[in-house]
2 protein chains.
Amino acid sequence: MNGISMIQLAKELGLSVSTVSKALGDSHEISASTKKRVLELAKKYKYKPNPFASNLRKKKGKQIAVIIPDIVNNFFALAVDGIESVTMSKHYDTFIYLTHENLEREKAVLEHLESGLISGLIISVCTGREGYAHFQEFYETTRLPIVFFDRVPDLLQFPKVIANNYESSFDATARLIKAGSKRPALITTTEPMFTSMERRRGYQDALEKHGIVFTDEMIIHCTDDMALNYTILRKIFSQKKRPDGIFASIEKYAITSYEVCKDLKLSIPKDVKVIGMTNLRTAALLNPSLSTLSQPAFDMGKEAAGLLIKMIEKKSYAAANDIIVLPNELTIRDSI
Amino acid sequence: MNGISMIQLAKELGLSVSTVSKALGDSHEISASTKKRVLELAKKYKYKPNPFASNLRKKKGKQIAVIIPDIVNNFFALAVDGIESVTMSKHYDTFIYLTHENLEREKAVLEHLESGLISGLIISVCTGREGYAHFQEFYETTRLPIVFFDRVPDLLQFPKVIANNYESSFDATARLIKAGSKRPALITTTEPMFTSMERRRGYQDALEKHGIVFTDEMIIHCTDDMALNYTILRKIFSQKKRPDGIFASIEKYAITSYEVCKDLKLSIPKDVKVIGMTNLRTAALLNPSLSTLSQPAFDMGKEAAGLLIKMIEKKSYAAANDIIVLPNELTIRDSI
DNA sequence: TGCTTTTACGAAAACGTTATAGGAAAAAAG
DNA sequence: CTTTTTTCCTATAACGTTTTCGTAAAAGCA
């Protein structure tokens with residue numbers, strides 16, 4: 001805030017402010033020699049255009065926001081890494097907001113951003129399949145480009161970046177079955193999210209394909225509360241007729257599954273075969289090493305940011321209904 | 001950018017713009033009844049002040065920046081979580097920039113931020129003990145408050161939030177020795193950072209205190225390249241006179257140590273005892289469960305953000321030389 | 001009553017840009 | 001040698017706030 005302004009530059013050069021502005025913008029209206037003079041003095045004084053003035057006048061800036069449920073999570077951390085790699089290279093600034101799975105917080109952030117602080121939004125939703133009015137409303141009032149990733153509201157018409165959850169869940173479940181699991185369970189969230197539903201669909205179709213009769217108890221609903229999840233899982237795995245396989249569709253559920261099996265002295269993979277949907281870097285080092293279905297988190301972030309910036313910079317909103325699908329990666333280790 | 005402006009509010013109320021501005025700012029110059037009228041209409045239209053106009057006029061905004069080397073790392077992710085929890089509650093917006101341990105990138109970000117986009121800066125440095133000119137320069141030209149955390153430049157006079165690295169490293173090393181390690185090694189970075197040096201000091205003093213003669217080979221220097229680290233460690237642990245203990249002063253070095261020991265069929269803790277400086281949530285699930293010295297990452301972020309906002313809002317820079325020290329936590333598990 | 005003080009508002013300038021419109025000089029065209 | 005076009009620059013008005021200063025009316029005071 002302490003640097004030199006365009007006005008001072010103009011004064012020292014004996015030029016008008018508009019000339020300086022155009023010279024810095026490399027306008028064709030300005031002669032090469034004048035441009036050179038301006039650029040040189042600007043460099044000498046390390047002139048930096050005031051972003052507030054510029055944004056105010058242009059009614060548009062180079063700032064975007066990322067709203068995610070959590071950052072202490074390899075998936076989202078990687079996604080942010082991917083987003084930042086793009087925004088950095090395109091000279092955008094990236095705001096970050098964490099909702100901690102709290103709908104009210106999500107709404108509050110969205111309302112706050114209606115001030116016009118940003119020129120685009122990347123978001124991974126924190127709730128189920130309902131209550132998306134705030135996204136629609138945000139869009140109606142701001143008309144700003146939005147890209148959803150991973151946890152997307154399937155019922156809304158917005159560009160999205162997702163993984164092939166159905167297909168990869170099908171494959172993962174099939175692998176559990178082929179490895180000998182007769183009753184593989186799906187651990188999923190209580191929130192009815194599109195992402196989870198796709199995974200569930202893949203899971204159920206794989207069961208059917210392999211002639212396993214699906215019953216409701218095969219689906220275990222966990223929450224955001226790690227301690228509660230432990231209780232839930234411990235109870236289920238203490239039963240006589242417990243599952244002999246686990247497809248943990250969320251990172252932390254895989255970890256809790258390991259804890260429960262360890263405490264109940266259930267052997268992995270002998271008693272229970274496990275595949276976890278996770279991007280944990282330590283998966284290979286767990287005891288036993290965890291078979292994972294990992295998401296292309298970094299690339300999802302990259303694609304989302306690329307798409308968003310394209311939408312911001314092109315007037316064309318042709319991309320508005322784009323859905324980019326990236327493949328999950330199945331890595332079989334000792335837990336199966 | 002599509003909402004209603006103050007001008008339109010004023011027009012509809014039959015008031016001047018300045019009156020509306022003051023009313024919204026709860027100025028004493030405005031009567032209670034007028035304030036009420038203004039507030040009501042503002043709420044009706046969901047009026048949001050344009051942050052660019054406001055920041056431009058006030059020469060100050062409610063945006064801060066966080067610059068860190070990495071986000072795919074539990075320590076920094078937790079720190080960002082802590083920072084965000086504060087900025088969110090104080091209604092600040094948080095920019096995030098990742099340097100990926102790249103000095104040039106760090107310099108570029110700092111220079112970019114000299115435009116005045118932010119009102120304060122939280123940073124964890126990416127380099128050694130030299131080349132801090134860019135921080136000093138950033139401060140000279142912007143006069144903006146800066147708070148360093150974890151990786152701090154010890155030679156510069158700025159407020160800092162750090163962990164008790166010396167004391168806790170001393171304790172961790174002492175535990176390795178008490179557990180039977182005769183030649184515990186320290187794995188540290190090649191970059192000569194203050195943080196690492198403190199850890200090293202604690203390590204060496206613990207050796208001396210317990211009558212172990214220190215030699216240079218006991219310090220293993222690793223890099224930012226995981227594959228290279230593997231090679232380095234594998235070579236050292238393949239030697240006859242290999243270390244029988246590891247104090248891994250950085251998260252990823254602990255993981256690579258595990259990988260190397262596993263591949264070399266060295267038993268942890270029988271052949272090699274390990275303590276890792278890490279915030280990994282899966283530490284307890286590793287094989288064997290990893291003893292950790294974990295940093296108060298979330299709280300460090302919280303303290304840093306709290307301090308920064310205090311500096312931004314108070315005119316007093318009394319806090320300018322504050323150094324906040326938080327304790328690391330030692331958790332002994334099966335790897336020792 | 002006349003005087004001062006307080007209350008409650010408005011006019012206008014400022015913050016640092018960018019965009020629009022216009023114009024003088026130089027170059028090109030006839 | 002005029003006319004047209006092109007080149008290069010300036011003046012000015014925005015963008016939406018906040019702040020300073022001025023002032024009429026109301027209130028206080030003798």
Side-chain angles (χ1 to χ4, degrees), chain A residues 1-39 41-42 45-63 114-119 141-142 313 315, chain B residues 1-39 41-42 45-63 113-119 141-143:
Chain A
M1 231 59 150
N2 250 330
I4 197 174
S5 82
M6 218 153 103
I7 301 172
Q8 294 165 272
L9 276 187
K11 203 162 281 172
E12 180 157 343
L13 286 161
L15 291 169
S16 77
V17 182
S18 30
T19 304
V20 175
S21 172
K22 285 174 186 166
L24 292 171
D26 198 29
S27 159
H28 65 275
E29 292 182 39
I30 306 299
S31 73
S33 62
T34 305
K35 276 182 193 169
K36 199 174 154 227
R37 282 212 305 141
V38 173
L39 267 307
L41 199 70
Y45 285 140
K46 298 194 174 185
Y47 166 76
K48 309 242 166 24
N50 180 314
F52 302 134
S54 172
N55 290 354
L56 173 60
R57 178 60 230 238
K58 293 197 297 189
K59 289 182 159 247
K60 167 177 244 186
K62 290 199 125 194
Q63 290 77 39
E114 284 181 5
S115 65
L117 188 62
I118 53 164
S119 297
T141 67
T142 65
E313 297 187 346
K315 292 294 156 203
Chain B
M1 229 62 149
N2 250 329
I4 196 174
S5 81
M6 219 155 97
I7 302 173
Q8 294 165 274
L9 277 187
K11 205 162 280 174
E12 180 156 345
L13 286 162
L15 290 169
S16 78
V17 183
S18 30
T19 303
V20 175
S21 173
K22 288 173 188 168
L24 292 170
D26 199 28
S27 159
H28 65 273
E29 291 181 37
I30 306 300
S31 73
S33 61
T34 304
K35 278 183 191 169
K36 198 173 156 227
R37 283 212 306 142
V38 173
L39 267 308
L41 198 70
Y45 285 138
K46 298 195 174 185
Y47 166 76
K48 310 238 164 28
N50 180 314
F52 302 135
S54 173
N55 290 353
L56 174 59
R57 179 58 231 235
K58 293 198 296 189
K59 288 180 159 248
K60 167 177 243 183
K62 289 198 126 194
Q63 289 79 38
L113 291 176
E114 284 182 4
S115 66
L117 187 63
I118 54 164
S119 297
T141 67
T142 65
R143 292 277 149 186

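Naming: A, B, ... by sequence-line order, numbering from 1 per chain.
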Can you tell me the distance, in whole Å, between the [atom1] atom of [X] and the [atom2] atom of [N]?
| X | N | atom1 | atom2 | value |
| --- | --- | --- | --- | --- |
| B/D26 | C/dA8 | CG | P | 13 Å |
| B/L24 | D/dT18 | CG | P | 8 Å |
| B/N55 | C/dG16 | CG | C1' | 13 Å |
| B/M6 | D/dT19 | CE | P | 10 Å |
| A/K60 | D/dG16 | NZ | P | 16 Å |
| B/L13 | C/dG10 | CG | P | 10 Å |

Minimum heavy-atom separation for [X] to [Y], with atom names?
| X | Y | value |
| --- | --- | --- |
| B/Q63 | B/L117 | CB-O, 4.0 Å |
| B/S115 | A/P51 | O-CD, 3.5 Å |
| A/G61 | A/N55 | CA-OD1, 3.2 Å |
| A/Y47 | A/I4 | CD1-O, 3.3 Å |
| B/A53 | B/N50 | N-OD1, 3.0 Å |

Task: Separation between NZ of B/K48 and OG of B/S54, rounded to the nearest 0.5 Å - done: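 Atom-to-atom, B/K48:NZ and B/S54:OG are 14.5 Å apart.
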
Open item on the list: Taking A/K62's backbone N and O only, do any of them form a donor-acceptor pair with A/S119's side chain (distance below 3.5 Å, no angle check)?
Closed with: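 Checked: no pair found.
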
Distance-only criterion, 3.5 Å: show the donor-acceptor pairs between side-chain atoms of residues 21-28 of chain A and protein atoms not counting sequence neighbours.
{"unit_1": "A/K22", "atom_1": "NZ", "unit_2": "A/E29", "atom_2": "OE1", "d": "3.1"}
{"unit_1": "A/D26", "atom_1": "OD1", "unit_2": "A/K35", "atom_2": "NZ", "d": "3.1"}
{"unit_1": "A/S27", "atom_1": "OG", "unit_2": "A/E29", "atom_2": "N", "d": "3.0"}

Task: By side chain to side chain donor-acceptor pair (under 3.5 Å) - contacts of A/S5 (at least two apart) - done: A/Q8

For nucleotides 24-26 of chain D, give me every protein contact, N/O to N/O, under 3.5 Å, one pair per line with atom names.
none

Task: N/O (side chain, B/Y47) to phosphate O (OP1/OP2, D/dG16) under 4.0 Å - done: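 False: B/Y47 side-chain N/O out of range (4.0 Å or more) of D/dG16 OP1/OP2.
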
Open item on the list: Working note: B/Y45 + B/E12, criterion side-chain contact (heavy atoms from CB on, under 4.5 Å); need CA distance, chi angles, decisive distance, verdict.
Closed with: CA-CA 11 Å; B/Y45 285 138; B/E12 180 156 345; 3.0 Å; yes

Open item on the list: Does the protein touch nucleotides 7-15 of chain D at the base, only the backbone, or not at all? Give it as B, S and - per nucleotide, heavy atoms under 4.0 Å.
Closed with: -BBBB-BBB

Open item on the list: Can you list everything that forms a salt bridge (Lys or Arg N to Asp or Glu O under 4.0 Å) with B/K46? Sequence neighbours excluded, please.
Closed with: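 Result, salt bridge (Lys or Arg N to Asp or Glu O under 4.0 Å) vs B/K46: A/E137.
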
TODO: Find the bend of the helix from C/dT1-D/dA30 to C/dG30-D/dC1 as the angle between its two terminal axes (five pairs each), to the nearest 10°.
DONE: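 Overall, the helix from C/dT1-D/dA30 to C/dG30-D/dC1 bends by 40° from one end axis to the other.
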
